[in-house]
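Read through the structure below, which is laid out as structure tokens, and then see the notes.
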Protein chains: 2
Amino acid sequence: MSDLVIIGGGGAGMTAALTARKINPRVDVTIITKESLSYSSCALPFVISGEIPSMDDITSSMEAICQKSGIKLVLDSATSIDTKKKVVSTERSGLISYDSLIIATGGRTMVPPIKGADLRNILTLYTVDDAEKIMAQANKSKKAVVIGGGAIGIEAAAALVGLGLKVTLVEGFPHVLFRFFDDEYLAIIEDELKAKGIEIILSHFVEEVMGKEKVDAVKVAGKEIPSDLIIMATGVRPNSEIAEKAGIKTMKYGILTDWLMQTNIKDVYAAGDCAYSRSMITGELMLSQLGTTAIRHGTVAGMNAVGESVAFEGALGSMALKIFDLKVGRTGLTEREAKEAGIDVISGRAKATTKAKYYPGHKEVDVKLIFDAASKELIGGQIIGGGAVAKKIDLIALGISKHATVEDLIGLGYSYTPPLAPSHNVIVLAAENAYRKMKRAEEARRRRF
Amino acid sequence: MSDLVIIGGGGAGMTAALTARKINPRVDVTIITKESLSYSSCALPFVISGEIPSMDDITSSMEAICQKSGIKLVLDSATSIDTKKKVVSTERSGLISYDSLIIATGGRTMVPPIKGADLRNILTLYTVDDAEKIMAQANKSKKAVVIGGGAIGIEAAAALVGLGLKVTLVEGFPHVLFRFFDDEYLAIIEDELKAKGIEIILSHFVEEVMGKEKVDAVKVAGKEIPSDLIIMATGVRPNSEIAEKAGIKTMKYGILTDWLMQTNIKDVYAAGDCAYSRSMITGELMLSQLGTTAIRHGTVAGMNAVGESVAFEGALGSMALKIFDLKVGRTGLTEREAKEAGIDVISGRAKATTKAKYYPGHKEVDVKLIFDAASKELIGGQIIGGGAVAKKIDLIALGISKHATVEDLIGLGYSYTPPLAPSHNVIVLAAENAYRKMKRAEEARRRRF
């Protein structure tokens, strides 16, 4: 018996456990997981590339963390949940009863049903084990194809280029990172990938993987691309079978949750890659499946499961990426996405430097802000270049969640000193650009009457 | 005759002119100024230190900027204003009439009435001319005393240390930057100054400057400190005489303004170091006198003077500083200031790294957030260390202006990728720390009944 039982020890599960213990040190917490290591999947591409010297750098012993934090660790598989009796069955550790339960079972990489997808040297990238297989195979390979141009696909492709492989990146959408950036920024990102030697094939799905036993080539867009190694970065499917079997509501593999991250069953929460939550802006259900979303889910579920009442305010899809020498970030809706959702938008864009333009070592930064034209509220932002991309994205994310208007951003009480920041703030400049567009649109409307 | 006449071409005046022209390109704008160069005073310490190679790097020709932006430039002194006839008199350029007027006359450095304050080699730091005098004298000097431990005093002291001088810094308050940080952060800042060889004398005012014709020593705290050069960094007095003579309301040298940056006289605005505005949090009148405040004043005055209606939302005193190897920043109220203002506060503090802690090249960062205990709203923040200090301060500033609560910050939709940002955001961690303190305080209150 534990006050709180958590199935899964990844970002969501571990954060939930630590949060619950911190908020109420009297609470008894148990984590059930097969994984003896704790790590962030987001770090794996950088171990493959060698930027992080060793797998040991990114992994910690689950046992050590749990011991230090007073969490009970059950290294086992949960096999079923009885939500009436409030008990979890495990493979070898018997029954564990709970007062509150958090399902944080994560996901597993999806491999699409392509002919030849069962050949050797077709790998995915989600676990330490996956990364180790990629490293071993990359060592023996000259050519690789990465299928899927999302964040993981791009980071994996960049890592392989760093190791000296010739890499082709295949994406079914018209652009890599298509859901995350608008076209003008995607052009810059794709130029950077091409400049570093990655061949990009867009708007095409892989038709077939060719080879005997092991991969020899990939058939796509009418071409055969020779390859010793394929990375399938085609998405993550939620591990929600255990929840479904227990009668917990799921949808297309993901577990449904409310704003408290509670499922349809009282005292049962879900968090992380296995759980649906809502978009902060449109309110629509989405599988965000970012490391930060897992942590935020875990924080909210961990608090609520031990008696707090905190809402998950919704996912924004905030993301930062380092693509070779390019730093990019985004949050909220893209202009494309907003238009699809029927929102009339006005965007503002500005370029500036990261330090005063006369201070040595400054870099250029390019910011786009997207506003709802009716409410003048911020609903999205994209950044390329410079430093502090992640922190600028965080500021935009806070602005979206607090309904900041274009005037709020023009009035931002920012800081300045030549060695650290320029006198004119790029977020303010982009807001001023949008403000002038709004003013012109208003004048044009007035002139019609 | 100009639609808009601006007296002064510094940060506030120039921003106002450029903003007005951008928002309405049909508007006719004139700047009256004696200064033929445009520059940011905040850059001067870094030219003295040599970090910025030459004065030419930070200065631009007023004439070139104005020509490029379609602004009329009158290189002359404004001598008086007739607000009834709407006309400005100049020394040599006759009368210039206006429809809207912005007074952006800046300030001048104050030298306190200390005995010996008229000796040679007592310099101030506000203009290019000042900086050039300091550079010339520093070349011939071995020992310097900087009087005033504000941002300019600290940057000047650091610059002189960089040039090989032995520097003593004298501050009348119990700490340098006393108005800007709480004690625990000031201890770290003062340790850094001392570690770099600066002697700091606190809680003492200079009694006398000694010497014949030129400075020989400074008498303070019962000691005589030999010195070849003194920098008086004792504050800036607003240039408001021209406004006062014209019957515009002033107070203790500064020009009073409303939320539109308009003075008590219709169509006459004031902006920058010469103008009072209000604290965003307490609503009290204050002379903010930061470069960023000048720019924000100028933006608001420039827009409103040509027909917009935008409010200056108040000053937060957002600041970033690089003190040798230390990066620091702050915004809003300190804990000390809040208590003085009768606000019951709960603060949260957290340390984290700037990138994932396993990613090479990360640095430590230490954040303190200050919340109003009653409303749970953010009212201040302080940061030491790491990178992106300025951008984190900007995020906190946005949070204060949008009344972000501790829960809003716990739910921040931040971004993460190991090379750019850690999985756990330091602002969120500091908010969680404050949340737990609030919870404990609440429980303690409950137990009393």
Side-chain angles (χ1 to χ4, degrees), chain A residues 11 22-23 40 42-43 46 51-52 57-58 280 291-292 295-296 299 310-313 315-316 318-322 327 329 331 356 358-360 387-395 397-399 401-402 404 407-408 410-421 423-425 427 436 439, chain B residues 11 22-23 40 42-43 46 51-52 57-58 280 291-292 295-296 299 310-313 315-316 318-322 327 329 331 356 358-360 387-395 397-399 401-402 404 407-408 410-421 423-425 427 436 439:
Chain A
K22 271 194 200 168
I23 200 81
S40 162
C42 306
F46 307 98
E51 286 162 78
I52 297 171
D57 295 330
I58 69 160
M280 188 185 285
T292 46
I295 288 169
R296 290 172 59 218
T299 303
V310 176
F312 176 73
E313 313 241 357
L316 283 173
S318 298
M319 186 190 272
L321 275 177
K322 184 170 168 285
K327 295 170 185 173
T331 187
Y358 45 74
Y359 196 90
V389 163
K391 296 306 144 193
K392 290 190 192 90
I393 288 298
D394 297 354
L395 185 154
L398 179 63
S401 69
K402 293 300 293 175
E407 283 96 348
D408 288 332
I410 290 178
L412 177 67
Y414 64 93
S415 59
Y416 152 56
T417 182
L420 304 182
S423 58
H424 287 268
N425 184 293
I427 307 255
R436 290 192 295 271
K439 192 182 142 74
Chain B
K22 272 195 201 166
I23 200 84
S40 163
C42 305
F46 307 98
E51 285 163 79
I52 298 171
D57 295 330
I58 68 159
M280 189 186 283
T292 46
I295 288 170
R296 289 172 61 216
T299 302
V310 177
F312 177 75
E313 312 241 358
L316 283 173
S318 297
M319 187 190 271
L321 275 178
K322 184 170 167 287
K327 294 169 185 173
T331 187
Y358 45 75
Y359 197 90
V389 163
K391 296 305 145 193
K392 289 190 193 93
I393 288 297
D394 297 354
L395 185 155
L398 180 64
S401 70
K402 294 299 295 174
E407 282 96 348
D408 289 331
I410 289 177
L412 178 68
Y414 64 93
S415 60
Y416 151 57
T417 182
L420 304 181
S423 58
H424 286 267
N425 184 293
I427 307 253
R436 291 193 295 270
K439 192 182 142 73

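Quick note on labels: first sequence line is chain A, next is B, and so on, each numbered from 1. Every heavy atom of this structure was used, including side-chain atoms; hydrogens, water molecules and symmetry mates were not. All of these numbers come straight from a predicted model, not from anything done at the bench.
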Checking Asp408(A) against Glu313(B) for the side chain to side chain contact (heavy atoms under 4.5 Å, CB included) test, could you report, in this order, the C-alpha distance in whole Å, the side-chain angles of both residues, the deciding distance, and whether it holds?
CA-CA 8 Å; Asp408(A) 288 332; Glu313(B) 312 241 358; 3.9 Å; yes
Tyr358(A) and Ser40(B): CA distance, side-chain angles, deciding distance, side chain to side chain contact (heavy atoms under 4.5 Å, CB included) verdict
CA-CA 11 Å; Tyr358(A) 45 74; Ser40(B) 163; 3.9 Å; yes
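Contact annotation for Ser423(A): both backbone and side-chain heavy atoms come within less than 4.5 Å of a heavy atom of chain B. For a residue to count as touching a neighbouring chain, one of its non-hydrogen atoms must lie under 4.5 Å from one of that chain's; by this rule Lys439(A) touches chain B with the side chain only. Residue Glu51(A) touches chain B through both its backbone and its side chain, counting heavy-atom pairs closer than 4.5 Å. Only the side chain of Phe46(A) comes within contact range of chain B, with at least one heavy atom under 4.5 Å from a heavy atom of that chain. Heavy atoms closer than 4.5 Å to chain B are found in the side chain of Ile295(A), but not in its backbone.
Two residues are said to be in side-chain contact when any heavy atoms from C-beta on lie closer than 4.5 Å; Leu412(A) and Arg296(B) fail this criterion. Residues Thr299(A) and Ile410(B) are in side-chain contact: their nearest non-hydrogen atoms beyond the backbone lie under 4.5 Å apart.
Ranked by non-hydrogen atom pairs under 4.5 Å with chain B, the options Gly329(A), Ala388(A), Pro419(A), Ala421(A) are led by Pro419(A). No other option in Glu407(A), Lys322(A), Lys391(A), Lys402(A) has as many heavy-atom pairs under 4.5 Å with chain B as Lys402(A). In terms of non-hydrogen atom pairs under 4.5 Å with chain A, the most contact-rich of Gly413(B), Gly387(B), Pro360(B) is Gly413(B). Most heavy-atom pairs under 4.5 Å with chain A: of the set Ile23(B), Leu321(B), Thr331(B), this distinction falls to Ile23(B). Highest contact tally toward chain B, considering only Leu398(A), Leu316(A), Ile393(A), Asn425(A), is held by Leu398(A) [criterion: heavy-atom pairs under 4.5 Å]. Listed options Ala397(A), Ala356(A), Cys42(A), Gly11(A) were ranked by heavy-atom pairs under 4.5 angstrom with chain B; first place goes to Cys42(A). Among Ile427(B), Val310(B), Thr417(B), the residue with the largest count of heavy-atom pairs under 4.5 Å with chain A is Thr417(B).
Considering OH of Tyr414(B) and OG1 of Thr292(A), their distance stands at 6.0 Å, rounded to 0.5 Å.
In this structure, Ser415(B) contributes its side chain and Ala390(A) its backbone to a donor-acceptor pair below 3.5 Å.
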